[in-house]
Amino acid sequence: MTKKAEHAIEVENLTKRYGDLLAVNDLSFNVRQGEIFALLGPNGAGKTTTVEIIDTIRMPTSGKVNLFGMDVTKSKHEIVPRIGVLPQGFSSFDRITVKETIQYYSRLFSCGNTDIDGLIELVNLKDKTREQYKNLSGGLKQRLGIAIALVNDPEVLFLDEPTTGLDPRARREVWDLMLGLKEKGKTVFLTTHYMEEAEFLADTVAIISRGKIIAMGSPEALIESNAKYLVLTLRSVDEKAFDIVRKMGFESVHDNHKDIRVRVEQMDDVQKILNTIQEGRASLLSLDVRKPNLEDVFLKLTGETLHKEPAGGVAQ
Ligand SMILES: Nc1ncnc2c1ncn2[C@@H]1O[C@H](COP(=O)(O)OP(=O)(O)O)[C@@H](O)[C@H]1O
Ligand SMILES: [Mg+2]
């Protein structure tokens, strides 16, 4: 019988080895019902392996994973009807239309009562209903993939890198779709290597690097506890302005002939820098002060950057 779970997902000391390779190393975390949870990390960090164990596709080497309070290794048949999955690098049949594709998957998963038209409307593909899969743009294909993941009206949705390779506008549309699903009460488990995606969407972010979670919390809390400074960028054609900032002793994180980027503790420091530049009669073109972001947190914790696009990645 289904036990009422406090959390949608509970992961305890999850480890996965592929031969000698330790792909997932002792992960523990919970996902609350109704939240967007993002597993954020670079290519090869262990995101897909983790998702595929939670959504019952792979077996763990050790550890315990509960979904809806049930052990994923023992209750696959009870769990699968209640979840939806968009695998990494999803693709479908080239010559089948949008509507036929959703109908096909609805039948495949024996969901007799899928509201096909409602789903098409939800993912905003109404004017593409009769378009063949092969003619859809990357963003439309991903939205169709999300529609397929929703044919059984799941409580928990797993989206593995849903926006990788999309242009900024298509990415934004997928983001809006995810927020809409959260509003409908769905729990969304997302993996991504885009820090701005995790920062914008997620209630909880777990940063994963080399199979280990290195930090976890709300994006705001992660930034607050790991990166307390502000990032000030000054642009000038006057080398004297840069000399003045360097001499003031602020830590420079980027420095070239056009601009200088320094970490400052508070807004008072910005004022101090501006005053000193003015007193030194140096000129400035522009200045920008921003709060640190998750990329800064990742850089601080690992000394590495979250790189842009996965190079090919692991076949899924
Ligand atoms: N089926 C597999 N067999 C062997 N090694 C694998 C397999 N799947 C993934 N790996 C390896 O496990 C590590 C984690 O991969 P993966 O979970 O796909 O990470 P991510 O999704 O974060 O890119 C990588 O080093 C990858 O090459
Ligand atoms: Mg992956």
Side-chain angles (χ1 to χ4, degrees), residues 9 11-29 31 36-65 67 72-73 76 83-92 138-139 141-143 145-146 148-149 156-166 170-171 174-175 178 188-199 201-202 204-216 219 222 294-295 297-299 301-316:
I9 302 168
V11 175
E12 234 180 86
N13 307 113
L14 175 65
T15 294
K16 176 71 179 182
R17 287 179 184 279
Y18 297 111
D20 288 342
L21 180 84
L22 187 55
V24 169
N25 184 1
D26 198 26
L27 301 192
S28 295
F29 59 86
V31 177
I36 298 183
F37 181 98
L39 200 53
L40 170 71
N43 195 27
K47 303 182 295 298
T48 296
T49 302
T50 304
V51 175
E52 290 186 345
I53 292 169
I54 302 172
D55 67 26
T56 78
I57 293 172
R58 276 179 202 281
M59 289 295 280
T61 303
S62 61
K64 198 169 167 54
V65 179
L67 232 175
V72 294
T73 64
K76 190 176 170 116
I83 64 174
V85 178
L86 174 72
Q88 183 172 355
F90 153 82
S91 79
S92 188
K141 283 177 175 162
Q142 286 303 81
R143 271 149 51 189
I146 293 173
I148 292 167
V156 177
L157 203 60
F158 295 91
L159 305 175
D160 194 359
E161 304 228 15
T163 68
T164 292
L166 301 188
R171 178 167 302 148
V174 173
W175 289 4
M178 281 188 251
V188 179
F189 190 106
L190 161 78
T191 80
T192 183
H193 62 273
Y194 295 119
M195 61 87 197
E196 70 277 22
E197 180 162 294
E199 198 169 325
L201 289 173
T204 306
V205 178
I207 301 181
I208 182 170
S209 171
R210 297 164 203 259
K212 272 225 160 278
I213 289 182
I214 53 171
M216 185 161 50
L222 282 175
L294 283 182
E295 179 85 47
V297 173
F298 190 80
L299 183 69
L301 294 174
T302 65
E304 295 167 18
T305 52
L306 282 156
H307 44 94
K308 310 287 178 280
E309 295 293 325
V314 184
Q316 302 299 324

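Atoms within a ligand are numbered from 1 in the order they appear, just like the ligands themselves.
Between L40 and F298 there is no side-chain heavy-atom pair separated by less than 4.5 Å. A heavy-atom distance below 4.5 Å is found between the side chains of L67 and I54. Under the 4.5 Å side-chain criterion, counting only non-hydrogen atoms from C-beta, V24 is not in contact with T15. Side-chain contact between K64 and N13: absent, with no pair of heavy atoms (C-beta onward) separated by less than 4.5 Å.
Here T48 meets the criterion, with an N, O or S atom under 2.8 Å of the Mg ion (ligand 2). Among the atoms of Q88, an N, O or S atom falls under 2.8 Å of the Mg ion (ligand 2).
Contact annotation: for R210 versus ligand 1, there are no heavy atoms closer than 4.0 Å. Residue contacts with ligand 1, taken as heavy atom pairs separated by less than 4.0 Å, involve L21 solely via side-chain atoms from C-beta onward.
Under a 4.0 Å heavy-atom criterion, P42 is in contact with ligand 1. Using a 4.0 angstrom heavy-atom cutoff, G41 does not count as in contact with ligand 1.
Ionic pairing of E52 and R58 is present here: one or more N-O contacts between side-chain nitrogen and carboxylate oxygen are shorter than 4.0 angstrom.
Close contacts between ligand 1 and N43 involve ligand atoms 23 (O) [criterion: under 4.0 Å to a heavy atom]. When each atom of ligand 1 is checked for a heavy atom of R58 under 4.0 Å away, the hits are 1 (N). Close contacts of ligand 1 with A23, meaning ligand atoms under 4.0 Å from a residue heavy atom, involve 12 (O), 13 (C). Atoms of ligand 1 lying under 4.0 Å from at least one heavy atom of A45, given by number and element, are 19 (O), 20 (P), 22 (O).
Q142 places a side-chain N or O within donor-acceptor distance of the main-chain N or O of P162, the cut-off being under 3.5 Å.
Between F29 and F189, the ring planes lie tilted relative to each other; the angle falls in the 30° to 60° range.
Selection from T48, L40, D160 by nearest heavy atom to atom 18 (O) of ligand 1 gives T48.
In summary, of the residues considered (E199, R171, E295), a side chain to side chain donor-acceptor pair (under 3.5 Å) with Y194 occurs for R171 alone.
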